[in-house]
Amino acid sequence: MRYSKDITYGKVNTDILKILEKPGKIYYFLLFIVLSVLSVGVFAWVYQIYSGIGVAGITHPVAWGIYITNFVFWVGIAHSGTLISAILYLFRVSWRNSIYRSAEAMTVFAIMTAGLFPIIHLGRSWYFYYLVPYPSQTMLWPNFRSPLIWDVFAVTTYFIISFIFLYMGLLPDIAAVRDKAKGFKKKIYSLISLGWSGTDREWRHHSSAYLFLAAMATPLVVSVHSVVSWDFAMSIVPGWHSTIFAPYFVAGAIHSGLAMVLTLLIPLRKVFKLEEYITQKHFENLAKIIIFTGLIVAYSYATEFFIAWYSNNIYEQEIYKYRVIGDYALYFWIMVIFNTIVPLLFFFKKMRTSTVSLLIISILINIGMWFERLVIIVTSLAHEYIPFSWGLYRPTWVEIAILAGGFAFFALLFLLFVKVLPAVSISEIKEQIEPPRKGES
Amino acid sequence: MRFSLSRRNFLKMLGFGSASTALSSCSSEPIDKIIPYLIPPEEAVPGIADWYATLCRECPSGCGLLAKIREGRPIKVEGNPHHPVNRGGLCMRGQASLQSLFNPDRIRTPMIKRESGDFQTISWKDAEKEILDILKTKIDQQKTGEIAVITPLIKGSLERLLKKWMDAFHIKNHLIYEPISYEDIKEANRIVFSKAEIPLYSIEKAEMILSFGADFLETWISPVEYSKAFGNMKRVDIKRQLIYIGQRMSLTAANADEWISLKPGTEKALILGLIHFILKEKLHSDLPFLELELIKGLVKDFSLDRVSSHTGVSQQTIERIGKEFSKANPGLALGGGIAVKGLYATDISVAVNLLNYICGNIGRTVRFGHEIGIGRVNPYRDMLRLIESIEQSRLKVLLLYNVNLMYNLPDSSGFQEAIKRIPHVISISQFMDDTAKEANLIIPSSMSFEEWGDYMPRKGVFGLQQPVIKPLFESRGFGDILLSLVRSIDEKQKGQIPWNNFHDYLKNSWKGIHKDLSPEIGFDHFWEGSLRRGGVFRAETDKEVKLSTKVSLDSKIDLKDKEDEKSSTLLLYPSIKYFDGRGANKPLLQEISDPLSKIAWDTYLEMNPETAVALKVVEGDFVSVESKDGRMELPVHIYEGIRKDVVAVPLGLGHIEYGRYAKQRGVNPINLLSKKTEEISGGVIWSPIFVKIERINKKKSLASTQGGRRQFGRGIAQALFFSIGKGILHLKTEKDIKKEIKEGKKRDMYKPHPYPEHKWGMVIDLNACIGCSACVAACYMENNIGIVGEREVIRGREMEWIRIEKYVENKGNGLDIRFVPMLCQHCENAPCEPVCPVYAAYHNPEGLNAQIYNRCVGTRYCSNNCPYKVRRFNWFSHSWPEPLNWQLNPDVTVREVGVMEKCTFCIQRIREKKEVAKEEGRRLRDGEIIPACAQTCPTEAIVFGDLKDPKSRVSKLWNSQRGYRVLEEINTKPSVVYLKKIKREI
Amino acid sequence: MKLFKKPLLIFLSGCVILFFGSGFLKSPYAPVQPIEFSHKIHAGNYELACLYCHSYANRSSYAGIPSVQRCMGCHKITAQNKPEVKKIHEYWNKKEPIPWVRVYKVPDFAYFTHRRHVNKGINCTTCHGEVEKMERIQKVSSLKMGWCVKCHKENQVSRDCITCHK
Amino acid sequence: MKRRASGVLGIFSHLDLVVKTIKRLKEEGHQDLRVSSPAPFHEIEEVLESRVSPVRFFALIGGILGALSGFALTIGTSISWPLITGGKPIISIPPFLIIVFELTILFGGVGTLIGVFLNARLPKISLDTTYDPRFSEDLFGVFVSCPKEKFHSIAEILKSSGAEEVRFEED
């Protein structure tokens with residue numbers, strides 16, 4: 001898509017580098033809130049490790065709860081980042097360029113947050129390294145048949161690749177920052193810019209590498225959430241053991257991710273006055289994709305119920321009955337309404353174009369998607385095969401605190417990011433605007 | 001710190017104390033001390049278990065025990081297979097008995113009460129002096145009549161010694177007190193057969209049992225013995241039936257083929273109605289004309305229609321039962337359960353006797369001449385007399401030995417006030433219980449595991465109780481206390497009682513037994529033999545009895561007292577967990593949930609759903625229960641197995657004192673009882689108690705271990721039905737079995753793994769399983785399973801590796817309650833294994849589903865993926881307050897927080913036996929390895945063995961016609977096969 | 001850039017040295033015992049068989065520490081005047097056991113039986129080193145899982161986890 | 001270790017001029033050019049006639065290595081201590097393929113990164129003296145490395161084709 005004519009190369013630099021200037025009061029205020037919430041979360045975790053995982057509400061038979069919910073949720077968030085930065089890049093979707101940077105950053109931070117939760121969740125977190133394949137004195141290795149080990153590999157790979165991808169894109173921009181910066185800052189930036197000097201050779205290899213990374217990230221992103229979904233699908237728990245889980249989770253992930261992108265971009269754009277670069281058009285496009293993913297998610301829900309009914313498997317049927325009218329019915333209805341009904345509002349142009357409605361709806365979708373994971377995990381475990389050991393799960397303050405802490409951690413990373421690195425790609429916007437020409441010849 | 005001192009002495013003698021059971025997963029060098037033997041005891045090899053025969057004294061039935069000793073500590077008790085009472089089986093309470101030995105709340109030293117009311121530790125010398133002073137003064141004043149001794153049922157040498165001792169001090173009053181006694185049966189036998197004793201019931205022999213409120217699988221007279229018999233009875237012929245008549249479906253009733261609920265207080269009418277019917281139809285065995293007329297006379301106005309309308313039992317039912325029972329050859333009618341210990345207790349027992357008599361069961365299933373010990377107990381009436389004499393201050397000194405009168409006597413009896421009036425209350429007790437608290441002087445008495453003794457549960461059964469550990473604290477055996485007291489009074493007594501300690505006395509008195517049992521062999525030989533065997537046991541011959549001509553009973557149709565109609569009837573019953581309350585201080589018994597209510601750690605009021613609706617209460621709501629004599633508030637438990645007009649409360653909780661686990665927990669329903677005794681036998685009137693129930697504004701969540709109450713057609717607890725004509729329905733044929741096996745093979749995606757040496761498997765016969773939960777207790781004791789307490793049980797975090805699942809069905813005979821022992825199924829295609837990221841769960845070459853605790857990181861994925869939900873997670877590290885931790889099994893590690901654990905088929909036992917076999921260079925024998933659960937099972941419902949050995953018992957049962965595997969359809973291929981229960985179809 | 005190249009190098013190499021060095025620097029664990037008992041004298045010079053004192057090794061999972069009585073068996077007469085032997089007499093007279101300090105400890109979650117190993121003919125020295133040369137007993141093998149497994153692997157004996165894990 | 005090179009740097013502010021200049025320089029036979037720009041431009045690549053970047057091969061090799069090591073890791077470890085889980089075979093390929101896939105991507109990505117670094121001579125400890133901060137903003141730079149003698153002739157070309165600035169670099 002084209003930007004307004006009066007944007008020149010110089011203007012791009014000045015506008016975007018303005019973001020990195022000394023932050024204002026609001027920023028510090030936000031930072032303070034985030035840090036305090038985070039510290040509560042950290043305290044909760046320390047307390048949990050000190051007195052035993054039992055201080056969390058998870059119990060027999062519901063041995064997985066909010067922690068795993070968060071893990072799945074955050075991995076999901078990560079996905080749309082890659083979608084925008086990599087997949088749309090491959091499709092040469094021009095409007096991606098101005099928003100992909102923050103989306104990709106979101107990906108990296110989301111993975112970092114997600115990565116915490118499996119460890120928090122462990123009964124003996126201090127032995128988490130047992131899951132890492134390394135030649136130990138015991139001569140024993142992890143069990144590669146376990147979906148949890150697949151997770152370890154998938155998530156680490158995803159993190160590393162996303163990070164490389166983000167960094168690749170950043171290189172020229174860091175150089176740009178370096179060239180403006182002074183003193184100590186200059187030292188740091190020149191260090192991390194790796195001496196980028198925009199020569200033809202650098203550009204040539206850079207853009208080809210960028211293309212390949214995008215090409216690799218695309219199947220990766222699909223695989224990662226498939227693997228996450230297999231944590232459930234590979235088990236025999238009724239309500240988990242389902243073939244549609246992989247596509248269903250991937251769709252859900254992108255659904256929530258796009259919503260999160262909106263939730264982040266709208267304030268970003270407002271605060272840093274990036275209206276010229278991040279335009280209504282961007283948001284509208286995102287909204288349109290959300291409608292689509294929302295419909296896929298709705299379809300998956302329907303399919304699940306259909307299969308449960310059609311399979312005539314009493315265990316499956318019990319689970320789905322339980323979801324709709326059981327102890328967790330409220331969560332279920334939140335999930336259905338927020339994820340499938342609410343996004344349909346985007347069919348109305350007004351809803352797509354007004355930032356307020358965009359923001360509200362995107363937040364609702366995030367909530368809905370979080371509950372989706374909770375419902376899937378908890379309801380299935382609560383009503384498994386043996387009726388005698390059916391049970392309930394009630395979260396405790398520890399879990400809530402750590403949940404909040406997770407969000408704080410993510411927010412903190414993002415806040416720091418926008419002030420340290422260009423949250424909008426400079427060089428790639430330049431690719432989109434007319435380069436300066438004399439025009440004679 | 002006296003305690004630590006005594007512990008060190010103990011270690012000094014028994015060494016290797018520091019075989020610490022704390023899980024130390026740290027690799028750094030632990031600085032700990034090894035304490036070697038000072039003088040190594042003979043034959044004791046550290047690391048190798050020794051077994052000593054002794055006795056269980058948790059209830060009056062007197063089962064034989066084998067105590068497993070490791071490094072000088074008893075770490076497990078098992079039933080003594082030689083002992084005729086329990087024949088190797090053991091109940092929940094027996095399994096937990098070590099927790100009374102190692103109970104942290106035992107009285108550790110003699111104590112005296114100060115003016116301020118709190119106790120002060122004193123030395124044994126002073127304590128004895130105190131007692132002697134009191135006794136001597138009484139002797140000098142010629143007022144020994146003011147002294148009374150109250151003991152629980154003690155038989156054999158101790159009893160004889162006590163007699164001698166009392167003579168020495170000129171003491172006359174000795175009361176034997178047991179809260180749950182059977183004077184009505186005794187009395188009835190006097191009336192009917194002029195033989196005042198409690199007979200021996202041969203349940204094995206019975207083809208049909210009619211139980212009138214006799215819970216012989218739980219607490220009635222000798223539960224383990226009768227459970228064993230019941231199991232055998234079922235095994236002999238699957239179609240033998242038990243019919244239970246009562247207002248509440250007790251555990252026994254739940255195991256009956258039919259539960260007949262009748263109006264409260266109408267049992268007598270029903271029995272007499274049955275007799276009437278049988279006589280009318282001439283179904284009775286041939287009787288002399290006179291006797292016939294006599295009995296006819298007694299039952300003349302109990303015609304079918306009247307009885308039926310009066311009891312609320314349909315005529316057909318009565319007829320059917322009458323016909324079948326008289327046909328049964330022999331049958332057996334049981335009475336005298338607490339449920340029928342009411343105003344007419346004796347009459348009911350008389351009626352039961354008559355019923356047995358006319359059907360010719362006397363001398364066949366009801367056998368006299370065995371003098372069951374419990375018959376010796378003084379009735380409640382005597383206690384009331386005692387209290388009276390206290391009130392009239394004719395009694396100044398009360399010497400109590402291990403009786404908790406404050407708890408077991410109702411407030412209405414007035415004892416609680418009376419005891420305060422007595423100047424001298426000397427309590428020789430093991431625990432600081434409600435009664436000891438009231439004493440002026442407390443003498444710590446040893447546990448049965450620490451003292452010599454013997455016990456005769458019945459004639460011909462001389463159980464020998466040898467100590468298996470030195471007294472942990474400054475306690476002494478009752479016998480020793482008596483002896484040392486006697487020794488220190490004047491010379492001439494010494495001549496009569498020359499023994500220095502009870503051991504000598506015991507040995508001496510056994511010389512007598514030796515003389516009349518087997519004089520041919522030398523005494524030492526006899527003595528050692530008895531020690532090894534756990535006693536000497538001789539089959540006593542029955543005594544003939546004949547109907548007394550003076551048989552009589554109040555033969556009007558008794559209508560229940562004119563109580564106002566809206567009051568409902570309260571039924572008390574001794575809990576299978578706490579018995580009469582003495583179990584309450586053992587954390588294990590608190591933790592295991594009741595087989596029927598599935599509730600742990602609390603008292604509750606059982607109420608029929610419809611009654612609950614009428615009262616607008618739901619599970620956990622509190623109600624106030626008010627009788628003429630007392631009032632209490634307790635939560636409601638909804639139970640289908642109880643009549644609309646009846647509510648029930650289990651005994652056992654509501655102690656004021658009695659240690660950290662029992663103190664201030666639940667309520668004590670005994671205080672609702674009245675002072676009135678039953679006229680004829682003088683027993684307690686347990687029921688019916690008329691109470692008003694009101695909903696009060698308070699609720700709690702009960703510590704229930706149960707989720708869903710029904711199976712929802714999932715075939716977890718399966719049953720077959722038989723009808724008298726057709727035999728068993730839908731029994732598998734050999735062809736079906738073959739077909740099953742073939743299809744089973746087809747279902748697999750990969751080819752099965754080979755099992756080179758062994759393939760361990762288990763078969764559980766649901767027809768034998770009575771849900772008594774002894775296996776659960778045994779498992780806890782064997783495997784160091786943590787006790788989590790009420791709060792955590794409410795959150796569903798109990799750690800039981802094997803649980804008794806209870807399901808309610810409404811098929812066939814109305815209410816149908818089924819039990820399934822659910823433990824790790826050791827699946828061949830175990831879903832828990834592949835999901836473990838670190839190989840903590842894997843399949844071993846012998847078919848065990850192994851769990852490596854210190855490899856586990858606690859992802860809990862395996863638990864999610866276990867369809868049987870038998871994996872248990874350590875949400876916290878558990879603690880065993882000293883000295884409870886001395887019981888921990890050194891062959892099983894104590895699991896840390898954050899670790900998954902589960903049934904291992906008692907791998908430590910397998911390992912041990914395999915090692916022995918290797919050392920002896922032979923193959924394992926079938927039945928050599930027995931897991932704790934199978935070993936203790938009173939009905940021998942659990943069979944464990946090697947499926948690779950075609951001759952093993954388990955292989956033979958494996959493809960039974962009744963066999964099925966839980967959740968077969970998900971093809972986990974469990975190594976546990978259940979045999980379907982068989983119920984009478986009506 | 002140049003400036004902090006050398007320090008970095010030094011730092012890194014330092015780490016490396018510490019990391020590997022620590023392995024060699026670590027001396028075997030040999031705690032001071034309440035009595036300076038010398039295996040060298042007993043097992044070395046007098047060539048007492050291990051089983052003479054550690055008498056349970058072929059019968060039980062524990063090898064067993066000799067009782068004070070066992071010590072006195074000889075030392076009532078022999079070498080009474082030696083200071084260390086005197087200590088034994090003290091303990092004996094006080095009727096107190098000798099609080100030896102543990103050197104070899106298998107963690108509680110692992111099951112190890114001397115009986116099988118000894119009766120299979122594995123030399124004590126295989127795991128406990130040349131005790132007869134030690135003045136003060138010292139720990140020569142780590143007793144770590146890898147150490148066990150190595151031997152089990154070489155001798156093709158069971159590597160089934162629950163053979164040793166309890 | 002500055003990479004000193006002698007030559008002439010022309011700074012431009014218009015893309016088309018840069019392209020024209022490069023064409024001309026090439027005609028004049030100056031092959032050794034280095035063009036700096038704020039963003040990648042196909043026009044420049046075309047006129048420079050630079051060959052396709054070899055980074056793709058790094059990606060490929062990385063990927064292959066990843067796959068191989070994936071198989072090695074999963075199968076190797078399973079065999080080294082064979083433990084049965086859930087009745088599945090010791091070498092159960094389907095789950096292993098997931099590990100293989102992830103490692104393929106991982107190594108491929110890392111390979112790509114290495115590829116860029118090696119080919120684009122990154123990271124540079126310090127920038128060339130010919131680098132101008134404005135290159136990252138809106139200016140273009142054409143550096144012709146040549147011996148001192150040719151300085152003036154090239155400067156001429158550059159100036160005439162619209163360079164706003166011309167600098168000489170001597171070593």
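Not measured: the values here are computed from a predicted model. Order of the sequence lines sets the chain letters (A, B, ...), proteins ahead of strands, with each chain counted from 1.
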S.K.: Please find the pair of heavy atoms, one from G109(D) and one from I161(A), that lie closest to each other, and give the distance.
M.R.: CA-CD1, 3.6 Å
S.K.: Heavy atoms, side chains only, cut-off 4.5 Å: are E431(A) and P40(D) in contact?
M.R.: yes
S.K.: Please report the shortest heavy-atom distance between N119(D) and R201(A), naming the atom on each side.
M.R.: O-NH1, 3.1 Å
S.K.: Can you confirm whether R51(D) sits close enough to R204(A) that some side-chain heavy atom of one is under 4.5 Å from a side-chain heavy atom of the other?
M.R.: yes
S.K.: Which heavy atom in M139(A) sits nearest to a heavy atom in W81(D), and how many Å separate them?
M.R.: O-CE3, 3.5 Å
S.K.: I need the T104(D) OG1 to L220(A) CG distance, nearest 0.5 Å.
M.R.: 10.5 Å
S.K.: Could you check whether atom NZ of K150(D) has more than 12 heavy atoms from other residues, nucleotides or ligands sitting under 6.0 Å from it?
M.R.: no
S.K.: Examine whether an atom of L48(D) lies under 4.5 Å from a heavy atom of chain A, and if so say whether it belongs to the side chain, the backbone or both; otherwise answer neither.
M.R.: side chain
S.K.: Given heavy-atom pairs under 4.5 angstrom as the criterion, report whether the side chain, backbone, both or neither of T74(D) touches chain A.
M.R.: both
S.K.: Might you confirm whether atom NE2 of H205(A) has over 12 heavy atoms from other residues, nucleotides or ligands at distances under 6.0 Å?
M.R.: yes
S.K.: Are the side chains of S50(D) and D200(A) in touch, meaning some heavy atoms are under 4.5 Å apart?
M.R.: no
S.K.: Output the distance between atom OH (Y158(A)) and atom CD (E102(D)), rounded to the nearest 0.5 Å.
M.R.: 11.5 Å
S.K.: Heavy-atom distances under 4.5 Å only: say whether P135(A) touches chain D with side chain, backbone, both or neither.
M.R.: neither
S.K.: Who wins among A176(A), S197(A), P142(A) for the most heavy-atom pairs under 4.5 Å with chain D?
M.R.: S197(A)
S.K.: Using a 3.5 Å distance criterion without hydrogens, assess whether the side chain of R145(A) forms a donor-acceptor pair with backbone atoms of I90(D).
M.R.: yes
S.K.: By a 4.5 Å heavy-atom criterion (distance strictly below it), what part of F140(D) contacts chain A: side chain, backbone, both, or neither?
M.R.: side chain
S.K.: Does the side chain of D138(D) come within less than 4.5 Å of N13(A)'s, by heavy atoms?
M.R.: no
S.K.: Looking at OG of S190(A) and NZ of K124(D), how far apart are the two atoms once the value is rounded to the nearest 0.5 Å?
M.R.: 13.0 Å
S.K.: Counting distance only, does the side-chain N/O of R34(D) pair as donor-acceptor with the main-chain N or O of T199(A) below 3.5 Å?
M.R.: no
S.K.: Hey, is the main chain of E137(D) close enough, under 3.5 Å, to the side chain of K430(A) for a donor-acceptor pair?
M.R.: yes
S.K.: Could you check whether any side-chain heavy atom of W203(A) comes within less than 4.5 Å of a side-chain heavy atom of S36(D), counting everything from C-beta outward?
M.R.: no
S.K.: If we define contacts as heavy-atom pairs under 4.5 Å, which of W196(A), W230(A), F165(A) has the most with chain D?
M.R.: W196(A)
S.K.: Considering all heavy atoms of both residues, which atom of D179(A) and which atom of P133(D) are nearest to each other, and what is their separation?
M.R.: OD2-O, 3.2 Å
S.K.: Are M216(A) and T112(D) close enough that some pair of their side-chain heavy atoms sits under 4.5 Å apart?
M.R.: yes
S.K.: For atom NZ of K185(A), decide whether the heavy atoms of other residues, nucleotides or ligands shown that lie under 6.0 angstrom number more than 12.
M.R.: no
S.K.: Go through the atoms of F41(D) and report whether side chain, backbone, both or neither lie under 4.5 Å from a heavy atom of chain A.
M.R.: side chain
S.K.: Let me confirm one number: the OG-CG distance from S92(D) to N143(A), rounded to the nearest 0.5 Å.
M.R.: 8.0 Å
S.K.: Using every non-hydrogen atom in the two residues, find where S427(A) and P38(D) come nearest and quote the distance to one decimal.
M.R.: CB-O, 4.0 Å
S.K.: Do M168(A) and L113(D) have side chains that get closer than 4.5 Å, going by heavy atoms?
M.R.: yes
S.K.: Is the shortest heavy-atom distance from the side chain of V227(A) to the side chain of I98(D) under 4.5 Å?
M.R.: yes
S.K.: With rounding to the nearest 0.5 Å, note down the distance linking CG in L83(D) to CG in L140(A).
M.R.: 6.5 Å
S.K.: Less than 4.5 Å to any heavy atom of chain A: does that hold for the side chain of F58(D), its backbone, both, or neither?
M.R.: neither
S.K.: Check this for me: K148(D), atom NZ, are more than 12 non-hydrogen atoms of other residues, nucleotides or ligands nearer than 6.0 Å?
M.R.: no
S.K.: Quick one: pull up OH in Y9(A) and OG in S37(D) and give me the separation to the nearest 0.5 Å.
M.R.: 8.0 Å
S.K.: Can you classify the ring geometry of F144(A) versus F96(D) as parallel (below 30°), tilted (30 to 60°) or perpendicular (above 60°)?
M.R.: perpendicular
